[in-house]
Participant: 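One structure coming up, written as structure tokens, with questions to follow.
Counting starts at 1 for both ligands and their atoms, following the listed order. Sequence positions, counted from 1, serve as the residue numbers for this chain.
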Amino acid sequence: MEEIVRELKELSAPKNNYREQSLRIHGLICAKCAREFEPKDRHLLTVHHKDGNHNNNPQDGSNWENLCVYCHDEEHTKETLGDYFSNGR
Ligand SMILES: [Zn+2]
Ligand SMILES: [Zn+2]
């Protein structure tokens, strides 16, 4: 019985649901260009990990930033990895 409950819990809370959590915490808005999105366009918003570590997913959302796909792309292409870590973003 206990095992079944545990399994159900794991199914309803997959480890990689941080995207939905981040959208819920930070809202459907790009943190960079401040563009707002309709729920139907939520797929255009992605979750950026501020420290670059995709395994660092604190439940309070402190390592997440909602970025639209364009800003997210820019965020990763224009900066060198050194800048990325040294400027604390
Ligand atoms: Zn944006
Ligand atoms: Zn990112």
Side-chain angles (χ1 to χ4, degrees):
M1 188 59 190
E2 256 177 64
E3 250 176 76
I4 293 169
V5 171
R6 203 178 309 139
E7 257 177 56
L8 283 174
K9 270 186 189 162
E10 275 173 12
L11 279 176
S12 60
K15 290 192 181 73
N16 60 354
N17 70 349
Y18 61 76
R19 185 165 177 277
E20 283 303 318
Q21 282 186 53
S22 180
L23 293 180
R24 211 175 318 147
I25 294 170
H26 300 298
L28 296 176
I29 184 166
C30 174
K32 209 168 180 187
C33 68
R35 184 177 161 189
E36 290 185 59
F37 291 83
E38 300 290 324
K40 66 175 167 63
D41 294 325
R42 64 200 290 118
H43 61 279
L44 293 173
L45 268 177
T46 57
V47 176
H48 172 63
H49 288 77
K50 291 184 183 179
D51 71 353
N53 181 0
H54 286 210
N55 294 314
N56 184 12
N57 296 304
Q59 296 302 300
D60 65 355
S62 57
N63 192 37
W64 301 325
E65 204 167 43
N66 295 341
L67 296 178
C68 70
V69 286
Y70 313 105
C71 291
H72 202 167
D73 209 43
E74 214 182 280
E75 192 77 6
H76 282 275
T77 49
K78 74 171 184 188
E79 296 173 358
T80 66
L81 213 57
D83 288 336
Y84 188 69
F85 285 114
S86 62
N87 69 12
R89 279 205 282 170

Participant: By atom name, which N, O or S atom of H48 is the nearest to the Zn ion (ligand 2)?
Facilitator: ND1
Participant: Starting at CG of N57, measure out to OH of Y18 and round the result to the nearest 0.5 Å.
Facilitator: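 Reported value, rounded in 0.5 Å steps: 6.0 Å.
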Participant: What are the two closest non-hydrogen atoms of N56 and N63, and how far apart are they?
Facilitator: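 Residues N56 and N63, closest heavy atoms: O-ND2, 2.8 Å.
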Participant: First locate atom NE2 of H48, then atom SG of C68, and finally report the distance between them rounded to the nearest 0.5 Å.
Facilitator: 12.5 Å
Participant: To the nearest 10 degrees, could you say what angle the Zn ion (ligand 1) makes with SG of C68 and SG of C33?
Facilitator: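 That angle is 120°.
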Participant: Are any N, O or S atoms from H49 nearer to the Zn ion (ligand 2) than 2.8 Å?
Facilitator: no
Participant: Give a yes or no on whether C30 keeps an N, O or S atom under 2.8 Å from the Zn ion (ligand 1).
Facilitator: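 Yes, within the cut-off.
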Participant: Which atoms form the tightest heavy-atom contact between V47 and R19, and what is the distance?
Facilitator: CG2-CA, 3.6 Å
